[in-house]
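In what follows, every heavy atom counts, from backbone to side chain, and hydrogens, waters and symmetry copies are set aside. Throughout, residue positions are numbered sequentially from 1 according to the sequence presented.
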Amino acid sequence: MGTLTSCSFSTFSFKIRTRPVSGALARKSLSIEPEKWISPRSFRRRGVSISYRELGFRCRSGSGGHGNYDEDSSSNTSKESNATTTAPPEEDDERRNSEFQSEKANTSVSSRPQDISSFGPPYSNFQVDSFKLLELLGPEKVDPADVKLIKDKLFGYSTFWVTKEEPFGDLGEGILFLGNLRGKREDVFSKLQKQLVEIVGDKYNLFMVEEPDSEGPDPRGGPRVSFGLLRKEVSEPTPTTLWQYVIALLLFLLTVGSSIELGIASQINRLPPEVVKYFTDPDAIEPPDMELLFPFVESALPLAYGVLGVLLFHEVGHFLAAFPKKVRLSIPYFIPNITLGSFGAITQFKSILPDRSTKVDISLAGPFAGAALSFSMFIVGLLLTTNTDASGDLVQVPSMLFQGSLLLGLISRSTLGYVAMHAATVSIHPLVIAGWCGLTTSAFNMLPVGCLDGGRAVQGAFGRSALVGFGLTTYTMLGLGVLGGPLSLPWGLYVLICQRSPEKPCLNDVTEVGTWRKAVVAVGIILAILTLLPVWDELAEELGIGLITTF
């Protein structure tokens with residue numbers, strides 16, 4: 001048998017097949033052809049250890065005493081076969097054993113080549129080892145036998161005519177079928193989903209997505225569609241682990257503490273002077289005795305309850321919207337913050353969403369529920385502030401705090417009046433603070449960026465490309481401090497670290513959500529921007545929101 005003397009990489013994939021050779025010994029030869037992609041498991045079953053899925057290569061043999069793997073190989077073996085018929089029986093047996101040992105050594109192609117130069121100059125030992133590591137650690141790909149079966153039995157003239165295949169998924173672990181739709185997309189997709197289970201069982205998830213780089217719309221209207229295929233263990237979210245439950249519990253306890261801290265800070269006019277000086281004077285070094293704050297914990301609980309109530313109401317809204325759709329959600333991971341009590345919570349989808357309308361409904365339910373409760377608390381707090389019977393429960397806050405929100409500042413100004421607002425401090429009910437913090441948190445979560453509720457809603461209503469444009473604009477406004485004022489920097493970092501990636505596509509990621517859902521999403525984003533938009537000094541002085549002494 002000859003040896004492989006040179007190899008060059010190419011874009012096509014390869015297969016291994018065996019063919020008999022004339023002679024007393026049925027020897028196996030290696031034939032590499034650009035005919036059909038097969039998995040590494042098939043190689044191992046055939047006794048060949050090659051572990052590259054995506055990387056095909058072309059091999060050719062050299063001359064000078066070596067055999068080759070083309071047509072010349074058959075002639076060489078024929079000559080050797082003729083020679084064996086004239087040799088004595090003893091020599092024939094010895095040569096058979098020698099040929100068998102040589103054949104056994106040469107038919108095993110190692111996945112780690114002895115000489116890396118055979119892979120061509122662009123690839124080093126480190127790169128080849130990296131290919132093998134990605135092969136071992138990467139997600140499970142679609143079985144090529146199933147792909148052929150699906151093309152033959154699932155798609156057809158009456159549903160979807162496949163013309164091309166491309167990689168699908170974050171790491172190309174799936175198959176994207178491109179072609180021509182032969183019916184109404186929703187009906188075709190429903191039919192294909194049912195037939196897929198009948199053909200290959202419950203192994204794969206089928207996605208209907210917009211065709212990438214499409215040259216034009218579908219002749220029946222709307223965008224051209226393609227169908228992506230992924231294994232369920234790859235496409236479906238992983239279940240929540242015990243360690244994640246522990247982290248969620250710790251974050252919730254920290255959020256309770258930050259909410260109580262907010263309640264204590266709202267009583268700044270009652271706190272001991274040494275405590276106030278430590279938290280307000282930048283030159284203060286010696287911390288005060290924190291036991292001085294214990295008497296104020298009980299009076300801080302109502303405000304803490306209000307902040308926590310808004311957070312829980314927000315999450316209940318998500319779960320109530322997800323339950324009828326049979327969508328599972330993860331346990332919420334609350335994010336503590338000493339200024340607002342909390343930045344909200346991270347809630348993950350534990351199911352693949354069926355369509356974009358479901359994504360919009362679940363995403364909007366949380367912030368709208370939290371905002372409804374917060375706005376009720378805010379209005380009730382303002383009404384109690386104007387009630388003389390509740391004067392004993394009021395707390396004094398700097399009037400410049402009302403400059404933090406254009407929308408909430410105008411509502412407060414219209415309710416409390418010019419005289420009350422145009423002063424150094426304003427006496428308000430604690431419910432005003434709880435409602436203000438809840439509305440601010442809900443507005444932050446409605447920003448159209450990443451995996452925030454607003455980002456999910458925009459992606460579901462207007463598509464992934466629209467979310468990219470909205471996201472860049474939002475990041476710019478946060479970076480310049482246009483939104484959120486002093487909270488823009490910590491909130492922007494939180495989004496970049498925890499929520500920057502867009503949501504994964506739905507099973508039906510093509511069907512539009514309807515005009516009224518798009519209108520609700522747009523109104524929610526506008527209200528969020530008005531809530532987070534600060535009032536600059538000149539406008540605040542003119543409107544009577546706070547007391548401005550310098551410009």
Side-chain angles (χ1 to χ4, degrees), residues 11-13 15 34-39 53-54 56 141-232 234-235 352-359 459-468 502-515 518:
T11 57
F12 55 80
S13 51
K15 76 170 187 177
E35 294 181 10
K36 181 181 177 184
W37 185 96
I38 66 174
S39 66
R53 287 194 179 112
E54 298 291 341
K141 295 194 173 185
V142 178
D143 191 346
D146 290 340
V147 174
K148 184 178 185 304
L149 186 64
I150 290 171
K151 287 181 61 178
D152 294 340
K153 295 188 176 182
L154 181 64
F155 300 110
Y157 288 104
S158 62
T159 55
F160 185 79
W161 182 253
V162 178
T163 59
K164 187 179 179 183
E165 299 173 22
E166 291 183 356
F168 180 68
D170 296 334
L171 300 176
E173 64 274 21
I175 300 294
L176 181 66
F177 298 98
L178 289 80
N180 300 315
L181 191 66
R182 300 299 176 88
K184 186 179 180 181
R185 56 173 58 92
E186 289 79 10
D187 297 337
V188 170
F189 182 58
S190 178
K191 182 178 180 180
L192 292 178
Q193 282 183 309
K194 295 178 181 178
Q195 291 181 348
L196 178 66
V197 178
E198 298 174 359
I199 294 174
V200 294
D202 197 26
K203 295 167 55 178
Y204 300 102
N205 280 319
L206 186 67
F207 297 81
M208 183 169 67
V209 298
E210 294 187 19
E211 180 179 314
D213 303 325
S214 175
E215 297 180 355
D218 190 272
R220 293 176 175 82
R224 294 182 62 88
V225 301
S226 302
F227 293 93
L229 191 70
L230 287 174
R231 284 185 174 272
K232 283 202 169 183
V234 174
S235 56
I352 301 179
L353 301 181
D355 49 46
R356 290 164 58 176
S357 297
T358 302
K359 178 180 289 186
Q459 183 178 348
F462 304 104
R464 183 179 292 261
S465 58
L467 177 60
V468 174
E503 198 64 38
K504 290 186 177 181
C506 308
L507 290 177
N508 180 358
D509 207 50
V510 178
T511 302
E512 296 289 338
V513 300
T515 304
K518 293 181 179 181

Worksheet item: So, for Val510 and Val209, which heavy atoms are closest and what is the spacing to 0.1 Å?
Response: CG2-C, 3.4 Å
Worksheet item: How are the rings of Phe189 and Phe227 set relative to one another: parallel (under 30°), tilted (30 to 60°) or perpendicular (over 60°)?
Response: parallel
Practice prompt. Indicate yes or no for a side-chain donor-acceptor contact from Arg356 to the backbone of Gly460 under 3.5 Å, with no hydrogens or angles considered.
Written response: yes
Worksheet item: Are side-chain heavy atoms of Phe207 and Leu176 found at a separation under 4.5 Å?
Response: no
Worksheet item: Would you call Val142 and Leu229 a side-chain contact if the rule is heavy atoms closer than 4.5 Å?
Response: yes
Worksheet entry | Any donor-acceptor N or O pair under 3.5 Å, side chains Ser235, Asn205 | yes
Item to complete: Could you list all the salt bridge (charged side-chain N to carboxylate O under 4.0 Å, His left out) pairs where at least one residue sits in residues 193-204, not counting sequence neighbours?
Response: Asp146-Lys203, Asp202-Lys232
Practice prompt. Compare every heavy atom of Pro505 with every heavy atom of Arg464, then report the nearest pair and how far apart it is.
Written response: NH2-CD, 3.8 Å
Item to complete: Drop me the distance from Gln459's CD to Lys359's NZ, to the nearest 0.5 angstrom.
Response: 4.0 Å
Worksheet item: Just how far is it from atom CZ of Phe155 to atom CG of Leu196, taken to the nearest 0.5 Å?
Response: 8.0 Å
Item to complete: State, with a plain yes or no, whether a side-chain heavy atom of Leu149 is found less than 4.5 Å away from one of Ile199.
Response: yes
Worksheet entry | Residue pair Arg224 / Pro217: nearest heavy atoms and the distance that separates them | CG-C, 3.7 Å
Fill in: Heavy-atom closest contact (Val188 atom, Thr159 atom, distance)
CG1-O, 3.8 Å
Worksheet entry | From Leu230 atom CG to Tyr204 atom OH, the distance as rounded to the nearest 0.5 Å | 10.5 Å
Item to complete: Keeping the roles fixed (side chain from Ser190, backbone from Asp187), state whether a donor-acceptor pair exists under 3.5 Å.
Response: no
Item to complete: Please check if the side chain of Arg185 supplies one atom and the backbone of Asn508 the other of a donor-acceptor pair under 3.5 Å.
Response: no
Practice prompt. Enter the distance from Leu154:CG to Gln193:CD here, rounded to the nearest 0.5 Å.
Written response: 10.5 Å
Worksheet item: Just how far is it from atom CD1 of Ile150 to atom CG of Asp143, taken to the nearest 0.5 Å?
Response: 9.5 Å
Worksheet, complete the sentence: Minimal heavy-atom distance between Thr163 and Gly179, with the atoms involved, is OG1-CA, 3.4 Å
Practice prompt. Looking only at non-hydrogen atoms, find the nearest pair between Ser226 and Pro212 and report the distance.
Written response: OG-CD, 4.3 Å
Practice prompt. If a pair satisfies salt bridge (charged side-chain N to carboxylate O under 4.0 Å, His left out) and one of its residues is in residues 152-166, list it, with sequence neighbours excluded.
Written response: Lys148-Asp152, Lys151-Glu165, Lys164-Glu166
